[in-house]
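Below: one structure, written as structure tokens.
Chain letters run A, B, ... following the sequence lines, proteins first and then strands; every chain starts at 1.
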Amino acid sequence: MPELPEVEVSRLGITPWLVNETITRVIVRDSRLRWPVPLELSQAEGLPIKAVVRRAKYLLIDIGIANIVLHLGMSGKLRIVDAATPTVKHDHIDIVLGSGKCLRYNDPRRFGACLWQPLGTTLKQLTNLGPEPLTDEFDGERLHMLSRGRKTPVKSFIMDNDTVVGVGNIYANEALFMAGIHPKRSAGNISRERYKHLALDIKAVLTKAIEQGGTTLKDFAQTDGNPGYFKQHLRVYGRTGLPCERCETPIKSMVIGQRNTFFCSVCQR
DNA sequence: AACATAACCTGGTGGC
DNA sequence: TGCCACCAGGTTATGT
């Protein structure tokens with residue numbers, strides 16, 4: 001479900017319901033996520049939420065003594081519901097609020113995570129992350145510098161969290177189309193000038209997707225239950241065989257790094 | 001270090 | 001209708 005835009009849309013959706021609310025109870029129905037859900041979570045009970053922050057695809061719920069760290073994996077979803085709302089399959093965690101609402105975490109595949117990060121510490125999952133794509137720390141200069149001597153396909157390179165965080169399969173495909181770069185081209189074989197364009201296109205596609213409420217493929221929903229509307233803007237992802245919007249050539253697909261990859265063999269070189 | 005590959009898990013889809 | 005193979009938005013662990 002979530003790349004950076006979908007996580008950011010989730011953050012924007014839940015934040016107004018959480019900030020300044022007190023956590024009255026934490027209910028863990030199934031702790032078998034990517035890592036076992038920590039018992040320390042119960043220490044959150046009675047504490048007010050100060051902020052909800054995103055780093056890469058992680059959401060950090062700041063409760064002063066610690067951050068509750070959430071990751072949605074491939075299929076995780078967050079909803080704000082009345083605490084009394086009956087649960088459905090895969091509703092693994094509730095964070096119940098003084099308002100009577102609750103933040104409900106649902107994740108069929110259980111690739112997601114809920115972690116506990118005490119104040120002043122940093123989880124290993126949050127160390128060694130590259131820069132946020134929508135900050136000035138990330139630019140074409142960085143892509144060019146880090147890619148020198150690298151043979152890995154440029155698509156794998158930009159999806160690597162050491163390079164830049166938050167670029168998943170959908171938006172990697174889209175940004176490479178926008179930049180006119182073939183996804184399989186060796187990262188080290190791309191000029192500084194082309195990387196400048198690519199960095200700007202990554203920023204542009206992520207920004208646009210956030211504005212559109214993310215991309216709903218099958219089951220992503222904003223926290224109000226509405227779908228994201230970026231799907232209608234996808235130019236290559238999932239469009240195998242359909243005409244390229246720029247040159248009419250059928251979009252091709254191939255597997256790169258275990259991920260399905262979509263591109264126009266004429267527009268992308 | 002760099003790179004490739006398997007693995008984690010469930011559900012939806014399409015073919016027969 | 002049923003069965004089965006295959007695919008999916010991410011990340012980590014392991015092997016060369």
Side-chain angles (χ1 to χ4, degrees), chain A residues 1-11 29-37 54-59 69-78 88-92 105-115 123-130 133 145-176 183-189 202 205-206 209-210 212-223 227-231 233-234 236-241 253-262:
Chain A
M1 167 221 125
E3 296 187 33
L4 184 146
E6 291 73 36
V7 177
E8 181 64 12
V9 167
S10 296
R11 187 186 74 82
R29 298 186 192 79
D30 191 341
S31 63
R32 300 171 305 156
L33 300 186
R34 169 148 211 150
W35 296 280
V37 177
R54 181 187 58 72
R55 173 71 175 112
K57 295 168 189 163
Y58 294 90
L59 290 175
V69 179
L70 298 174
H71 193 291
L72 302 177
M74 292 275 259
S75 56
K77 290 169 282 288
L78 291 172
V88 298
K89 205 171 181 184
H90 308 303
D91 279 343
H92 304 314
Y105 176 91
N106 179 292
D107 185 6
R109 293 174 74 179
R110 291 190 277 114
F111 285 180
C114 178
L115 301 168
L123 294 170
K124 68 175 194 294
Q125 289 85 351
L126 296 175
T127 58
N128 301 322
L129 289 173
M145 174 188 65
L146 288 181
S147 61
R148 293 310 87 186
R150 301 285 302 275
K151 272 176 48 187
T152 199
V154 60
K155 180 175 180 242
S156 305
F157 174 66
I158 61 170
M159 289 179 70
D160 183 341
N161 280 332
D162 297 342
T163 305
V164 59
V165 300
V167 182
N169 200 31
I170 297 175
Y171 303 111
N173 279 295
E174 294 299 310
L176 287 167
K184 209 170 183 179
R185 175 176 283 273
S186 289
N189 192 24
I202 288 171
V205 74
L206 295 177
I210 292 168
Q212 296 288 312
T215 298
T216 296
L217 291 181
K218 47 206 290 197
D219 56 6
F220 172 70
Q222 302 185 56
T223 48
Y229 297 102
F230 192 74
K231 186 179 181 194
H233 298 278
L234 297 176
V236 287
Y237 184 90
R239 300 192 71 246
T240 309
S253 66
M254 69 191 304
V255 173
I256 297 176
Q258 332 293 112
R259 315 304 294 244
N260 209 349
T261 301
F262 306 89

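Comparing the P positions of B/dT5 and C/dC7 gives a spacing of 16 Å, expressed to the nearest Å. Using P as the reference atom, C/dT14 and B/dC9 are 15 Å apart when rounded to the nearest Å.
Nucleic acid contact for A/K124: none, since no nucleic acid atom lies under 4.0 Å from a heavy atom of the residue. Residue-level contact check: A/F230 touches neither bases nor backbone, having no heavy atom under 4.0 Å from any strand.
For a distance-only test at 3.5 Å, the side chain of A/R109 qualifies as a donor-acceptor partner of the base of B/dC9. Under 3.5 Å, the side chain of A/R34 and the base of C/dT11 form at least one donor-acceptor pair of N or O atoms.
A donor-acceptor pair under 3.5 Å is formed between the side chain of A/N173 and the backbone N or O of A/N169. A donor-acceptor pair under 3.5 Å is absent between the side-chain atoms of A/S75 and the main chain of A/G73, judged by distance alone. Checking side-chain atoms of A/D160 against main-chain N and O of A/F157 turns up no donor-acceptor pair under 3.5 Å.
Counting only heavy atoms from C-beta outward, the side chains of A/F262 and A/T240 approach each other to under 4.5 Å.
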*asked:* For DNA chain C, please output the secondary structure as dot-bracket, reading 5' to 3'. Pairs are Watson-Crick or G-U wobble, both atom distances under 3.5 Å; mark crossing pairs with [ ], other-strand partners with |, unpaired with a dot.
replied: .|||||||.|||||||
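Judged by ring centres under 5.5 Å apart and planes tilted less than 30 degrees, A/F111 stacks against the six-membered base ring of B/dC8.
Less than 4.0 Å separates DNA chain C from at least one heavy atom of each of the following residues of residues 148-166 of chain A: A/N161.
For A/R55, the salt bridge (Lys or Arg N to Asp or Glu O under 4.0 Å) criterion is met by A/E132, not counting sequence neighbours.
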